[in-house]
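Here's the structure we're looking at; comments come further down.
What you see is a predicted model, and the numbers here were worked out from it, not measured in a lab. Computation of the quantities below employed the complete heavy-atom set of this structure, encompassing side-chain atoms and omitting hydrogens, waters and symmetry-equivalent molecules. Along the sequence shown, residues carry numbers from 1.
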Amino acid sequence: MKKEIKLFDNPRNVQRVIRAMFAVLAALLIAELFIHKHPHFPFEGAFGFFAVYGFAACALVIFTSKALRFFLKRDEDYYE
C-alpha cells in the first residue's frame, strides 16, 4: 500500500508557504505607507500598529490557553 503524499509533506512546499506569508506581510506594511488612516486614538496612527496589536493579541490568547490548560487538564482515562 502506497502512502499518499500530502502538500506539506515536502519541506520545500512549507518553505514556499512561509516565504509567501512574509511577502504578503511586507506588501501590507508597504501599502500602509500609502493609505490615509483616520485613527480614533493617537497611537493608532503609528506605522505598523495593527500588525503589532494583532501579534500581541494572538500571543496573549496562546499564553492564556497554556495557563488555563494547567487548571482544566484531565487524565487520559477521565471518561472511561
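- Between Pro39 and Gly45 the shortest heavy-atom distance is CB-N, 3.8 Å.
- Ring geometry, His36 versus His38: the interplanar angle exceeds 60°, so the pair is classed perpendicular (tilted spans 30 to 60°).
- When the side chains of ILVMFWY residues are joined at heavy-atom separations under 4.5 Å, either directly or via intervening members, Ile18 and Phe8 end up in a single hydrophobic cluster.
- Heavy atoms of other residues, nucleotides or ligands lying less than 6.0 angstrom from CZ of Phe22 number 12 at most.
- Hydrophobic clustering of Ile, Leu, Val, Met, Phe, Trp and Tyr side chains at less than 4.5 Å, counting indirect connections, keeps Ile30 apart from Leu28.
- The heavy-atom pair separating Asn13 from Leu7 by the smallest distance is ND2-O, 2.9 Å.
- The main-chain N or O of Gly48 is found under 3.5 Å from a side-chain atom of Glu32 such that the two form a donor-acceptor pair.
- Note on Val52 and Phe41: separate hydrophobic clusters, where clusters join Ile, Leu, Val, Met, Phe, Trp and Tyr whose side-chain heavy atoms are under 4.5 Å apart, directly or indirectly.
- When atom types are taken as modelled, the side chain of Ser65 and the backbone of Ile62 share a donor-acceptor pair closer than 3.5 angstrom.
- Note on Phe55 and Phe63: separate hydrophobic clusters, where clusters join Ile, Leu, Val, Met, Phe, Trp and Tyr whose side-chain heavy atoms are under 4.5 Å apart, directly or indirectly.
- Between atom CG of residue Leu25 and atom CG of residue Leu29 there is a gap of 4.5 Å, rounded to the nearest 0.5 Å.
- Tracing side-chain contacts under 4.5 Å through hydrophobic residues (I, L, V, M, F, W, Y), one never reaches Val24 starting from Phe47; they form parts of separate clusters.
- Here the straight-line distance linking atom CZ of Arg16 with atom CG of Asn10 works out to 7.5 Å at 0.5 Å rounding.
- Rounded to the nearest 0.5 Å, atoms NZ (Lys37) and CZ (Phe49) are 9.5 Å apart.
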